[in-house]
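Computed over heavy atoms, backbone and side chain alike; hydrogens, waters and symmetry mates excluded.
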Amino acid sequence: MAERTRYDAIVVGSGISGGWAAKELCERGLKTLVLEAGGPVDPLKDYVEHVQPYEMKYRGYGDRAQLERDHPVQKDCYACDEVGHKFFVNDNDNPYTNPAEAPFKWFRGRQVGGRSITWGRQVYRWSDLDFEANAKDGHGNDWPIRYKDIAPWYSHVEQFIGITGANEGLAQLPDGEFLPPMQMTGVERLARERILTAFGGERVMTIGRAAILTQNHNGRAACHYCGPCERGCITHSYFSSIGSTLPAARKTGNLTLRPNSVVAEVLYDAKRGRAKGVRVVDAQTMQSIEFDAKIVFLCASAIESVRLLLNSKSARWPDGLANSSGTLGKYVMDHHYGSGASARMPGFLDRTTVGRRPNGIYVARFRNVKNAQPDFLRGYGMQGGSGRGNWGRGSSMPGYGAAFKQSLIDDFGPWSLSISGWGETLPNEANTVTLDPEVKDRWGVPAARIDVRWRDNEKAMDKDMSVAAAEMLTAAGCEDVRQHGSNNPPGHCIHEMGGARMARTAQEGVLNGWNQAWDVKNLFVTDGACMASTACQNPSITYMALTSRAAAHAVGMMKRGEL
């Protein structure tokens, strides 16, 4: 039977954004083709969160020669280890370039589910402090939406996927539709109260808001705290497209999922001024296939979607599809993160933790909220947690035998508490993604050339993170407070954003307020490429909400005959 090549909708990518696009489009009645560059994933065989170090050939440290050979970039992500590297690309097949003086780490997962298998699962709503920032300080363009436009869609997403968190009533960090919060440790609860008192309620430490179930929800089981979520979750207790959105899409009967499909370009119909469909290179046969659709959603991740648009050239679009603004590939961003402090908390030696809580604590943004910070614009949130030195410390200690093992169990050592900042990056036109003129990937698609750099505002904010962290730990009653900096390059946070930004006019950006290309009305981009700024919060739930909103809008336009 010949493969079908015409659909109502095509979605490029099957990860966090692509899964949501598939769910929303399929549930609204559209025959939808989801194209995934990588192969299929079978959770029963491929998820390895319960594999123990003693079951691994290299005891979890990995085959260093293999990782260096096949994953020289990816191995710098903590999750790309002996059993988790299967969820990361082979860097030889998937090259990219960057200037020698501008290092960039691009961590990628090409498989059904994308990076929704390995993501950090932290989810925080944006507020109008974030959506209004560009307009107020003049960096970047004004967002075409505000919090009220997306708030119902945050709720829509949260109710479906399940979010654990605690309400705090903070204007800069809106509350959401939460399942019961995970428990903070006694150390964290004490630190919270002391910090609130010391800083007049301005600095709020709360339990992390995470896409992890604390009770059974929508047919998925509550988390059992096994710990290594980045290796998959057999009970689907954290949100991934494999465990949540793709099954919902499949249930409608409208989904066609095609793995091993490398999308090379979006096809453009010059007569109609519309996207016609996409050209795909089959990753296994290397044959080119064209698929047609009434609407196209790009959800391949920020840099991949920008690369795809740049490669979709024609006589009408010599500099990339839908690029009348000239902004395509510009204003690319990531969060800068990692500077902070750690310390020892006295007491609590009669207490230990049970299981491995797949979450930490969060300190809501406090800089440039009520009072202006003279050294930098925007702000940062902080993440961290507490714990005691546990039996795992034995891997770096001398000793062997039963007595040594028992000593690791009997004396866990003192409690520690650490926090580090995740900071907003200002939009900058010089931070770019272009196509490398010579390097191509295994399937013949030009590689991305990425030039993104930390600039003065990020560097000033980075310094403040470690100072403020030390202040809070000292106020919490900690001892032996130690500040630490960060040398993480752009990309390392895996929060890449921008490159096809939303804007109020076609002259300022690629997309309108509905994630719809100004120049190509049936083309939508709803992954990180659409972002006009970064805020300081982890961005994935904003992608999900924007995707749901855009899909509903696109279907509405189709039904009204506007596409």
Note to self: I'd like to know if Asp519 and Arg316 make a salt bridge, using a cut-off of under 4.0 Å between side-chain N and carboxylate O.
What the structure shows: no
Notebook entry, point to check: Under 3.5 Å, side chain of Arg121 to main-chain N/O of Trp119, donor-acceptor pair present?
Noted result: yes
Next item on the list: Would you mind checking if Arg274 and Asp269 are paired as a salt bridge, meaning a charged N to carboxylate O distance below 4.0 Å?
Entry: no
Item checked: Taking every non-hydrogen atom, the tightest pair across Ala283 and Val262 -> CB-CG2, 4.1 Å
Notebook entry, point to check: Going by distance alone, is a donor N or O of one side chain under 3.5 Å from an acceptor N or O of the other, for Gln111 and Asp46?
Noted result: no
Next item on the list: Measure from the side-chain N and O atoms of Glu36 to the backbone N and O of Gly38, and report whether any donor-acceptor pair falls under 3.5 Å.
Entry: yes
Check: Side chain of Ser312, backbone of Gly320: donor and acceptor closer than 3.5 Å?
Finding: no
Next item on the list: Classify the ring geometry between Phe107 and His492 as parallel (under 30°), tilted (30 to 60°) or perpendicular (over 60°).
Entry: perpendicular
Check: For Ile163, which of Val123, Ile212, Val157, Thr214 qualifies under side chain to side chain contact (heavy atoms under 4.5 Å, CB included)?
Finding: Val123
Check: Got a sec: does the NZ of Lys105 have more than 12 other heavy atoms crowding it under 6.0 Å?
Finding: yes
Note to self: Any donor-acceptor pair under 3.5 Å linking the side-chain atoms of Tyr124 with those of Thr542?
What the structure shows: no
Notebook entry, point to check: Is there a donor-acceptor contact under 3.5 Å from the side chain of Ser240 to the main chain of Gly243?
Noted result: yes
Margin query: Could you check whether Arg209 pairs with Asp175 (Lys NZ or Arg NE/NH1/NH2 to Asp/Glu carboxylate O, under 4.0 Å)?
Written below: yes
Checklist line | Minimum heavy-atom distance between Met182 and Ile207, given as atom pair plus value | finding: O-CG1, 3.5 Å
Margin query: Looking only at the side chains, is there a donor atom on one of Thr97 and Arg449 sitting less than 3.5 Å from an acceptor on the other?
Written below: yes
Note to self: Checking side-chain polar atoms at under 3.5 Å, does Ser127 have a donor or acceptor matched by the opposite partner on Gln172?
What the structure shows: no
Note to self: Please enumerate all residues that pass salt bridge (charged side-chain N to carboxylate O under 4.0 Å, His left out) together with Asp128, with sequence neighbours excluded.
What the structure shows: none
Notebook entry, point to check: Name the one of Trp20, Phe239, Trp153 that satisfies ring-ring contact (aromatic ring centres under 6.0 Å, His included) with Phe160?
Noted result: Trp20
Next item on the list: To the nearest 0.5 Å, tell me how far Ile494 CD1 sits from Asp334 CG.
Entry: 8.5 Å
Notebook entry, point to check: Quick one: side-chain contact (heavy atoms from CB on, under 4.5 Å) partners of His217, sequence neighbours excluded?
Noted result: Leu179, Leu213
Margin query: If you compare all heavy atoms of Leu309 against all heavy atoms of Ala500, which two are closest, and at what distance to 0.1 Å?
Written below: CD1-CB, 4.3 Å
Note to self: Side chains of Thr235 and Ser237: any donor to acceptor distance under 3.5 Å?
What the structure shows: yes
Checklist line | Backbone of Ala532 reached by a side-chain donor or acceptor of Asn134 within 3.5 Å | finding: yes
Item checked: Presence of salt bridge, Glu304 and Arg115, under 4.0 angstrom -> no
Item checked: Interatomic distance, Lys330 atom NZ to Thr432 atom OG1 [nearest 0.5 angstrom] -> 8.5 Å
Notebook entry, point to check: So, the side chain of Glu177 versus the backbone of Gln159: is there a donor-acceptor pair under 3.5 Å, distance only?
Noted result: no
Margin query: Show the nearest heavy-atom pair for residues Ile303 and Ala448, with the distance to one decimal.
Written below: CG2-CB, 3.9 Å
Next item on the list: Can you label the angle between the Trp514 ring and the His553 ring as parallel, tilted or perpendicular, going by 30° and 60°?
Entry: parallel
Note to self: Hydrogens and angles aside, do His71 and His85 bring a side-chain donor and acceptor to less than 3.5 Å of each other?
What the structure shows: no
Margin query: Could you check whether Trp518 and Ser324, counting side-chain N and O atoms only, form a donor-acceptor pair closer than 3.5 Å?
Written below: no
Notebook entry, point to check: Do side-chain atoms of Asp70 reach the backbone of Asn90 as a donor and acceptor pair under 3.5 angstrom?
Noted result: no
Margin query: Ignoring hydrogens, what is the shortest heavy-atom contact between Gln122 and Gly208? Give both atom names and the distance.
Written below: OE1-CA, 3.9 Å
Checklist line | Backbone of Ala275 reached by a side-chain donor or acceptor of Asn522 within 3.5 Å | finding: yes
Next item on the list: Please determine, by modelled atom types, if Arg125 and Ser155 share a side-chain donor-acceptor pair under 3.5 angstrom.
Entry: yes
Next item on the list: Quick one: pull up NZ in Lys521 and CD in Glu562 and give me the separation to the nearest 0.5 Å.
Entry: 10.5 Å
Check: Counting only N and O atoms by type, is there a donor-acceptor contact under 3.5 Å from the side chain of Arg4 to the main-chain atoms of Thr256?
Finding: no
Check: Between Val112 and Pro40, what is the shortest heavy-atom contact and its length?
Finding: CG2-CA, 3.8 Å
Next item on the list: Describe, in one word, how the ring planes of Phe297 and Phe524 are oriented to each other, choosing from parallel (under 30°), tilted (30 to 60°) and perpendicular (over 60°).
Entry: parallel
Next item on the list: In plain terms, say whether Lys75 and Asp91 are close enough for a salt bridge, that is, a side-chain N and a carboxylate O under 4.0 Å apart.
Entry: no
Notebook entry, point to check: Could you give the distance from SG (Cys226) to CD (Glu49), rounded to the nearest 0.5 Å?
Noted result: 5.0 Å
